[in-house]
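As structure tokens, the structure follows; a few thoughts come after it.
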Amino acid sequence: MKQAKATARETVRGRMGEISGWTRTIWDHGETAWREYRSAAFYVDLLRREGFEVEEGSGGMPTAFCATWGNGDGPVIGGYAEYDGIPGNCQAAEPRQAPRNGLSAHAGGHTDPHSALGMGALGGFLAAKAAMEAHGIKGRLKFFGEPAEKVRGSKPIHAAAGYYDDLDAAISFHPFYMAPYCNTVRWDTHCGVGYGVIYEFTCDTPETWMAGGGASPIPASHASPRAPGATDAMVQMYQTAKALREHVMAPGQSWSMNETILAHGQATADNIPAQMAQIMYFIRISEVEEAEHIIRGLDHFAEAAARLTHCTWRRHWVAKSRPGLPNHALARATYANLEEVGAPQWGAEAAEFARAIQSELGLEPMEAPFLPMISELIDPEEAERQLRATLPPSQRHFTSDDYTEYCWHAPTVRLYLGRPALQAPPGYAYPAWAMNALGGHPPCIDPMTQVAAEVVAMTALDCLGNTGVLEAAQAEFRDRTGGGIGGATWLAPLCDYAPPLNFRWPEYVTTARGTDWVIPS
């Protein structure tokens, strides 16, 4: 296994030029949830050229895929790419605030960045494949394309459709996004529940609003009062949820509920009432029962808003993701590989780019512009101790990411690696564009991607080889679930809805002006 890991690491180093180019391609696409057409097609073509069999549109999702490669009978190891960005984060890979060429600043862009997340994981799987071939290691690699992570979109759907049922272990990698999870793995406190829901209001019978004997025979007459309609319903829903949030869930834990307006109006500024409006809520909380309780509260607000504004309402599901499940055996093996590889390190070209950002912002350029923590390891149990110091003792999970869906089908590890982040003078906060620009500049992002690929490959090989890691991880999985899949404390998939594809998700469009974002440049 030592020789196999050496082969994998050599493969990553030998292919970093390609991996870097692939990472930048996805970063430049900057596509957002449910609309990652070019990004998904790029992965599918690449994986097929690398010898994988690829199912496009897996789970009924046009921008998802499931790729498999086998080298005989053996364990099945799962991993995945994400490739959705976020609207409003269109940034060039330059040390100044500027959108990518030809686009509005409101277009999509990579913040985490998922571009490097996906290619770090893929690089690891390609390196594991090379080592399996070179050393005769049996087993199968199963690599997923997971769209719409920002709305926790695909993994609950893949899980419910059975795509994870044959996995023996799964590896999840994410760039650092909060302390203390930087160059470490999650230990006990994994991500929590993520619920995404859209409330839709429609004004179906505006002519019956305040109808009386003297009503005009013309429904939209200027002589008659206009029905409030769907925009008013959506505004009422927005205001009520803001005002009564603390009356839905008692204080005592860290949770969040955020909203965005997907569509509204569908009418002119005439006497015609708005016909339809949609507002989406995303809930991040520790437990499934708590998320269900909040949904009951939102349903109540929707009913009240609809009755007040002469509308009807419907609830549409976007996501129901389960909380995470620890696996110390796989976490410890992954961290041991990270210790062997070492934390990412940044060179002179990256530091020069970082100092150029500081100069652009009117700051004194620093000799060491990056945060020290991005190049330092932190033991998983120490990271756990630091996190728990900020949380109530009774809270089991914190923040949200739908890698947690894998946790209930196979032992799963969550790896975090340092990404370029700038040191700030006392009291100063960098604008979002600075972090986004760092994520697109190869000398700044490639060190993280390379370490990710090496650690992912080594961990996959630990699970494929006769190392005892997989056996220990699976024994722990059975213990934590009360018997494995279907066990006494196992959580079944929550997804009972179709992929939410047909809503007005922001996207790139082609018009007579050329390719543009829904908010024109």
Side-chain angles (χ1 to χ4, degrees), residues 32-34 82 84-89 111-112 114 117 146-157 159 172 174-181 186-199 237-238 241-242 244-262 279-299 301 315-326 383-384 387-388 390-408 412 414 416 432 491 493-495 497 500:
T32 54
W34 297 120
E82 295 167 359
D84 61 318
I86 299 181
N89 283 271
T111 58
D112 281 351
H114 284 177
L117 179 161
E146 302 282 16
E149 188 279 330
K150 292 299 182 184
V151 294
R152 310 301 183 264
S154 67
K155 298 186 192 77
I157 294 169
S172 170
H174 200 289
F176 148 72
Y177 61 88
M178 71 173 194
Y181 290 131
R186 287 245 184 189
W187 194 245
D188 284 321
T189 308
H190 278 253
C191 284
V193 175
Y195 268 35
V197 62
I198 293 170
Y199 287 92
M237 179 74 181
Y238 175 89
K242 287 286 191 184
L244 300 182
R245 180 183 186 275
E246 65 181 274
H247 301 287
V248 173
M249 179 60 63
Q253 67 165 304
S254 173
W255 69 283
S256 66
M257 182 172 72
N258 300 305
E259 71 289 313
T260 187
I261 297 167
L262 287 186
I279 184 169
M280 176 182 170
Y281 288 89
F282 198 85
I283 300 154
R284 297 169 177 85
I285 200 162
S286 180
E287 309 296 336
V288 171
E289 296 78 9
E290 296 164 338
E292 295 283 351
H293 180 78
I294 293 170
I295 292 296
R296 287 194 294 273
L298 289 175
D299 285 354
F301 300 157
R315 176 179 6 96
H316 305 277
W317 286 106
V318 174
K320 291 184 185 179
S321 67
R322 294 167 282 183
L325 186 69
E384 175 75 13
L387 178 69
R388 292 307 315 183
T390 70
L391 297 176
S394 61
Q395 183 172 340
R396 295 197 304 163
H397 308 98
F398 180 59
T399 71
S400 170
D401 185 298
D402 61 356
Y403 78 89
T404 53
E405 288 298 305
Y406 285 88
C407 295
W408 297 97
T412 301
R414 177 68 158 178
Y416 294 97
L491 286 180
L494 303 173
C495 174
Y497 49 88

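Hydrogens, waters and symmetry mates play no part in the numbers below; they use all other heavy atoms, side chains included.
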Does [Y] offer a backbone N or O that forms a donor-acceptor pair with the side chain of [X] under 3.5 Å?
| X | Y | result |
| --- | --- | --- |
| Asp299 | Gly297 | no |
| Asp112 | His174 | no |
| Asp84 | Pro147 | no |
| Ser321 | Gly194 | yes |
| Tyr497 | Lys320 | yes |

Practice prompt. Could you point out which residue of Arg186, His397, Arg152, Arg284 forms a side-chain contact (heavy atoms from CB on, under 4.5 Å) with Cys191?
Written response: Arg186
Discussion item. So, applying side-chain contact (heavy atoms from CB on, under 4.5 Å) with Pro323, which one of Ile285, Thr404, Val193 is it?
Written reply: Val193
Discussion item. Can you tell me how far apart OG (Ser286) and CZ (Arg396) are? Round to the nearest 0.5 Å.
Written reply: 6.0 Å
Worksheet item: Between atom CH2 of Trp317 and atom CD1 of Ile295, what is the distance when rounded to the nearest 0.5 Å?
Response: 4.0 Å
Item to complete: Could you tell me which non-hydrogen atom of Ala159 sits nearest to which non-hydrogen atom of Glu405, and how far apart they are?
Response: CB-OE1, 3.5 Å
Worksheet entry | Heavy-atom pair of closest approach, residues Cys495 and Ile157 | SG-CG1, 3.8 Å
Practice prompt. Could you walk me through whether Glu292 and Tyr195 pass side-chain hydrogen bond (donor to acceptor under 3.5 Å, both in side chains), step by step?
Written response: CA-CA 9 Å; Glu292 295 283 351; Tyr195 268 35; 2.7 Å; yes
Worksheet item: Are Gln253 and Glu290 close enough, and set up right, to give a side-chain contact (heavy atoms from CB on, under 4.5 Å), and what steps lead you there?
Response: CA-CA 11 Å; Gln253 67 165 304; Glu290 296 164 338; 2.9 Å; yes
Practice prompt. Could you tell me whether Asp188 and Arg388 have a side-chain N and a carboxylate O separated by less than 4.0 Å?
Written response: no
Item to complete: Measure the acute angle between the ring planes of Tyr281 and Tyr199, then classify it against the limits of 30° and 60° as parallel, tilted or perpendicular.
Response: perpendicular
Worksheet item: Just wondering, do Gln395 and Trp255 contact through their side chains at under 4.5 Å, heavy atoms?
Response: no
